[in-house]
There are 2 protein chains.
Amino acid sequence: MKVTIEDIACLANVSKATVSRVLNDRKGVGEETRQKVKKIIDEFEYNPNLLARGISTSKTKTIGIIIPDITNPFFPALVKSIEVELSAQGYTIILCNTDADIMREKRAISSCISKRVDGIIFASSQIDSSEVKFMLKRYNMPCVYVDRGSIDPDADAWVFVDNEYAAFLATNFLIQNGNRRVAYISGPPGISTSKERLSGYLAALRQNGIELDPNLIYTGDYTIRSGERAVEELLEKDSFSALFAANDVMAIGAMKALKKHGLSIPDDVEVIGFDNISICELTEPPLTTIEQPLTEIGRLVARLILDILAGKPVQDYSPRMQSRLILRESTKNRQPYGRGSNG
Amino acid sequence: MKVTIEDIACLANVSKATVSRVLNDRKGVGEETRQKVKKIIDEFEYNPNLLARGISTSKTKTIGIIIPDITNPFFPALVKSIEVELSAQGYTIILCNTDADIMREKRAISSCISKRVDGIIFASSQIDSSEVKFMLKRYNMPCVYVDRGSIDPDADAWVFVDNEYAAFLATNFLIQNGNRRVAYISGPPGISTSKERLSGYLAALRQNGIELDPNLIYTGDYTIRSGERAVEELLEKDSFSALFAANDVMAIGAMKALKKHGLSIPDDVEVIGFDNISICELTEPPLTTIEQPLTEIGRLVARLILDILAGKPVQDYSPRMQSRLILRESTKNRQPYGRGSNG
DNA sequence: CTGTTAGCGCATTCAC
DNA sequence: GTGAATGCGCTAACAG
């Protein structure tokens, strides 16, 4: 049933070594024999056993992608973009969901290690993941961090978005629009993106001489429900005329709740989200948000890992990707502002 | 750097065979030595090389998932559900996007074969994929088809939704609501789901004694844009008071276009989609749609492949999963109808 | 240009 | 209960 390199060798009247050479497009084979071997390979639809190759070359042509949840609309586009780039180079991906659970993250890593992937792309949910890093180093497994996780100076590479600046941009836009009371729905504490975006929010307040009102901050968990709950709670505590959510999913939940309370968007409350997932165009009203260049990020991440595998030096190239504000109808858009609005 | 079974054996003063036994929880090892070996394994964080194991057991504990596009909101939930079920059993998944391109499908299959996955889960875009089936058989690779593809009596198993009945349900609901002119946005020809859903639409017309008007049918490609274009074209050709789209994404595009033309939903046009992707609750108005039990489907698919791998007989168990109509505000909902409305 | 040989890391006989 | 030997399918180094 399974045909091996030996079978092909026999059928072609050559040695396994020769078959191996044509398989890997190496020189040192006469054109004639090369063709002969190729013909047999095609004829028998021979698929080399990559396990065996892997064990002997220590390369598997597969990359592990470890993310919290493919069901979070943020990730499919990222994964797709990575996969496209990688598969074009003959790589294959192993996908692991961790639900942002550190135990599952560790299991995913060791699973990838056991399968001897060539490298790992990791959207870690932990800010301090020294344990994981130790596992990685132990098997000296290349790893590029994406979207979130800790900024580790001795990590191979990371590609994050300029979360703080982006959050500043959004908040500042709302303030410049005349809103002195801007509510904020944060992501879960302990995730880097949450921290950074909160910093940006605070920076915008500070720069505009607005004092922080803790009643205006709600800590969610990046889900729709938490966006809804946020509005319920915020409305009870205090009034606000604008709302910035740390991701689109929560912003959408918030809009839902606001409408339920008879509040009109953007007239009563202006709303901005974060991510620019595809739904944003389709909500009512369409959601103003921060766009993350997902495709570009994915492509870059893929290239970084490939570069690392190719032995190219990539250290010191761990860019903050530039995000920008996409103006739609959930804000009043009185005044375009900053680099984000035109670019 | 890499620690092997031999290293562990040395350190524990036993043979590789013994280490292998405790690694695989096999009997025939004294409790004392077992503990000793386990300790060393933990201490050195030894990860067995699954390539080597795979080559010697012909089992890799990995499953290939081949789908058109993870970016299509339909698939993440399916993939997640499969992954949860599979990873609980120690399996890992390889994800391949094909863009519904037959060449890429074939490449994905042979990639999976080369990596010696234990089985494949395949959302094929082809109705006749005898070529692919031949590849599968050749390496006698277990494969369960999901969502779409051909109903092949000698396939290992398949799990599809009762597309025809579901489409009938939706169309009939619209007709019972008093709409004699129900437009239909079909999926691309050549995909089984498109064919089956079209059949359901036609069956509903027939049963209600309504003659088919070709002007009311538009063939889209499951994208937002095609939903918008559909409405533009349909409006030019003829009038209609209800619209059924073969997936939610097109339905949402259609709603967008209808609103742009000043038509109110559901007063001027009632709209029903298909899939119940998560956005449906959030559109304006929320979209009435057919729900596919994605989590359940994923779980079932995973179990089927596991059963096949375990040697359990699964033939003749290739169920049509029951879908149901979810009533929201894009339809007038005058009358609940059939099994779908209460389940 | 081509064949022979020796591993890669593990599971699996078969002896002891 | 444990160890030594063999083989899985392939690549790599060395001979010829």
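Here is how names work: the chains are called A, B, and so on, in the same order as the sequence lines, proteins then strands, and each is numbered from 1.
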Heavy atoms only, 4.0 Å cut-off, all strands: where does [X] land among base, sugar-phosphate and nothing?
X        : answer
Ser58(B) : nothing
Val14(B) : sugar-phosphate
Gly30(B) : sugar-phosphate
Asn13(B) : sugar-phosphate

Can you check the [X] [atom1] to [N] [atom2] distance for me, whole Å?
X         : N       : atom1 : atom2 : result
Arg26(B)  : dA11(C) : CZ    : C1'   : 8 Å
Asn49(A)  : dG7(D)  : CG    : C1'   : 14 Å
Leu23(A)  : dC10(D) : CG    : P     : 8 Å
Arg53(A)  : dA12(D) : CZ    : C1'   : 13 Å
Arg21(A)  : dG9(D)  : CZ    : P     : 21 Å
Lys115(B) : dC10(D) : NZ    : C1'   : 15 Å
Lys16(B)  : dT13(C) : NZ    : P     : 16 Å
Ile5(B)   : dC8(C)  : CD1   : P     : 14 Å

Query raised in the report: Would you find more than 12 non-hydrogen atoms of other residues, nucleotides or ligands less than 6.0 Å from Glu131(A) atom CD?
Result: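 Incorrect, the count does not exceed 12.
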Report task. State the CG-OG1 distance between Asn47(B) and Thr4(B), to the nearest 0.5 angstrom. Result ->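 Asn47(B) CG to Thr4(B) OG1: 12.5 Å, rounded to 0.5 Å.
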Query - Closest nucleotide among dT2(C), dA12(D), dA11(C) to the Ala17(A) side chain - result: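 Out of dT2(C), dA12(D), dA11(C), the nucleotide with an atom closest to Ala17(A)'s side chain is dA12(D).
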Query raised in the report: For the side chain of Thr18(A), counting heavy atoms from C-beta on, which of dT2(C), dC10(D), dG3(D) is nearest?
Result: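 The answer is dT2(C).
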Is the distance from OP1 or OP2 of [N] to the nearest side-chain N or O of [X] less than 4.0 Å?
X        : N       : value
Ser20(A) : dT11(D) : yes
Thr4(A)  : dG9(D)  : no
Thr57(B) : dT12(C) : no
Tyr46(B) : dG9(C)  : no
Asn24(B) : dA11(C) : yes

Query raised in the report: Nearest nucleotide by nearest heavy atom, which residue falls closer to the 5' end of DNA chain D, Ser15(B) or Ala52(B)?
Result: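 The answer here is Ser15(B).
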Query raised in the report: If you take all heavy atoms of Ile40(A) and Ala12(A), which pair is closest and at what distance?
Result: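 Smallest heavy-atom distance, with atoms named: CG1-CB, 4.1 Å.
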Query raised in the report: Can you name the closest pair of heavy atoms from Leu294(A) and Leu78(A) and give their distance?
Result: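 That would be O-CD1, 3.9 Å.
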Query raised in the report: Is it true that a side-chain atom of Asn24(B) and a backbone atom of Arg26(B) form a donor plus acceptor pair closer than 3.5 Å?
Result: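 Side chain of Asn24(B) to backbone of Arg26(B): no pair is present.
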